[in-house]
Amino acid sequence: MSASLSQQIAEYLDYLRTVRQYSPHTVSAYGRDLERLRAFCERLGLEQAGAVHPAHVRQFAAEMHREAKQGRSIQRALSAARSFFRFLGKQGRIAQNPADGVQAPRQDRKLPRALDTDTVELLLKQQGRSPIDLRDQAMAELFYSSGLRLSELAALDLGDIDKATRMVTVTGKGRKTRTVPVGRVALEALRAWLAVRPLAEGETALFSSSRGRRICVRNIQERLRLRGRKAQLRENVHPHML
């Protein structure tokens with residue numbers, strides 16, 4: 001007589017414990033997820049692993065979704081099921097892995113939290129007159145004024161700013177370009193920066209390092225974060241917040 005689903009799960013957990021030497025915590029987590037799967041199969045009258053088909057596993061994931069389980073929890077349960085059926089498949093006890101290809105429903109992405117007006121005012125408040133200070137001021141003002149992505153700001157060249165029309169040409173994802181307005185305060189900050197901007201031969205970057213070379217994405221992130229700390233903000237500031 002073929003082993004029941006409960007017996008097969010017990011064998012698999014024992015394999016994780018003794019052969020794979022997983023920690024008790026990990027084995028317990030697998031056990032909870034597979035017990036949920038067993039209870040689901042029991043309600044459908046599926047007593048053995050060989051009776052479980054991909055449609056059943058999709059139903060299992062959908063049921064967890066209806067119960068408002070988080071996407072990570074559903075994905076973890078599916079991963080446990082996939083590993084369990086793979087174990088049985090290697091032993092020749094099932095013909096195919098019914099959990100292969102079954103994905104958890106996508107989680108809604110949370111929008112990045114924006115800074116409120118008072119916090120932005122603190123962040124953009126003038127802090128120093130050195131070339132680096134003026135550059136950082138111009139970058140922060142341009143982020144806020146034109147809604148640029150981090151990579152877009154880093155890629156800007158001198159010729160991308162049209163002071164007469166108060167517009168900036170941005171190269172975004174997929175090398176697609178768009179033109180967006182630049183506010184008066186941001187333009188003033190850019191003028192102050194360009195008056196002291198270090199020049200390296202052949203460099204066209206709008207924002208450069210003290211050596212006159214294009215400033216990298218990571219450096220921009222760090223400078224904005226440092227600016228937030230100097231303004232005594234409680235959180236780490238990143239470009240999406242602007």
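The structure presented is a predicted model; accordingly, all values stated were derived computationally and were not measured.
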When rounded to the nearest 0.5 angstrom, what distance separates [atom1] in [X] from [atom2] in [Y]?
X      : Y      : atom1 : atom2 : answer
Leu88  : Asn97  : CG    : CG    : 9.0 Å
Glu141 : Glu188 : CD    : CD    : 9.0 Å
Phe207 : Leu153 : CZ    : CG    : 5.0 Å
Ser208 : Leu194 : OG    : CG    : 9.0 Å
Ser28  : Leu16  : OG    : CG    : 12.0 Å
Asn219 : Asp136 : CG    : CG    : 8.5 Å

Do the non-hydrogen side-chain atoms of [X] and [Y] ever get within less than 4.5 Å of each other?
X      : Y      : answer
Met64  : Phe40  : no
Arg166 : Arg184 : yes
Arg72  : Gln75  : no
Leu190 : Ile161 : yes
Arg82  : Asp100 : yes
Thr179 : Val170 : no
Ile220 : Leu150 : yes
Arg20  : Tyr15  : yes

Using only atom types and a distance under 3.5 Å, with no angle test, would you say the side chain of [X] pairs donor to acceptor with the backbone of [Y]?
X      : Y      : answer
Arg214 : Glu203 : no
Ser146 : Pro181 : yes
Thr18  : Asp14  : yes
Arg135 : Ser130 : no
Ser209 : Arg211 : yes
Asp157 : Gly159 : no

Task: Nearest non-hydrogen partners of His53 and Ala51, listed with the distance - done: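 Taking every non-hydrogen atom into account, CD2-O, 3.4 Å.
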
Task: Closest non-hydrogen atom pair, Leu46 against Leu5 - done: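 Scanning both residues completely, I find the closest heavy atoms to be O-CD2, 4.2 Å.
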
Please determine whether residues [X] and [Y] belong to a single hydrophobic cluster, defined as Ile, Leu, Val, Met, Phe, Trp and Tyr linked transitively by side-chain heavy-atom distances below 4.5 Å.
X      : Y      : value
Phe60  : Leu44  : yes
Leu206 : Ile132 : no
Leu122 : Phe143 : yes
Phe85  : Val19  : yes
Ile215 : Val217 : yes

TODO: Test Arg225 against Glu222 for salt bridge (Lys or Arg N to Asp or Glu O under 4.0 Å), laying out the working first.
DONE: CA-CA 5 Å; Arg225 191 175 294 120; Glu222 287 301 319; 2.5 Å; yes

Task: Carboxylate-amine/guanidinium contact Glu35 Arg38, below 4.0 Å - done: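 A salt bridge links Glu35 with Arg38.
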
TODO: Answer yes when Arg36 and Asp33 have at least one side-chain N-carboxylate O distance shorter than 4.0 Å, and no when they do not.
DONE: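 Answer for the salt bridge query: no.
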
Task: Verdict with supporting geometry, Glu121 and Lys125, salt bridge (Lys or Arg N to Asp or Glu O under 4.0 Å) - done: CA-CA 6 Å; Glu121 187 176 344; Lys125 194 174 181 180; over 6 Å; no

Does atom [atom1] of [X] have more than 12 heavy-atom neighbours from other groups under 6.0 Å away?
X      : atom1 : value
Arg178 : CZ    : yes
Arg213 : CZ    : yes
Arg43  : CZ    : yes
Gln232 : CD    : no

Open item on the list: Can you classify the ring geometry of Phe87 versus Tyr12 as parallel (below 30°), tilted (30 to 60°) or perpendicular (above 60°)?
Closed with: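 Judged by the thresholds at 30° and 60°, the geometry between Phe87 and Tyr12 is tilted.
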
Open item on the list: Any donor-acceptor pair under 3.5 Å linking the side-chain atoms of Gln91 with those of Arg93?
Closed with: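 The criterion, which ignores hydrogens and geometry beyond distance, is satisfied for Gln91 and Arg93.
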
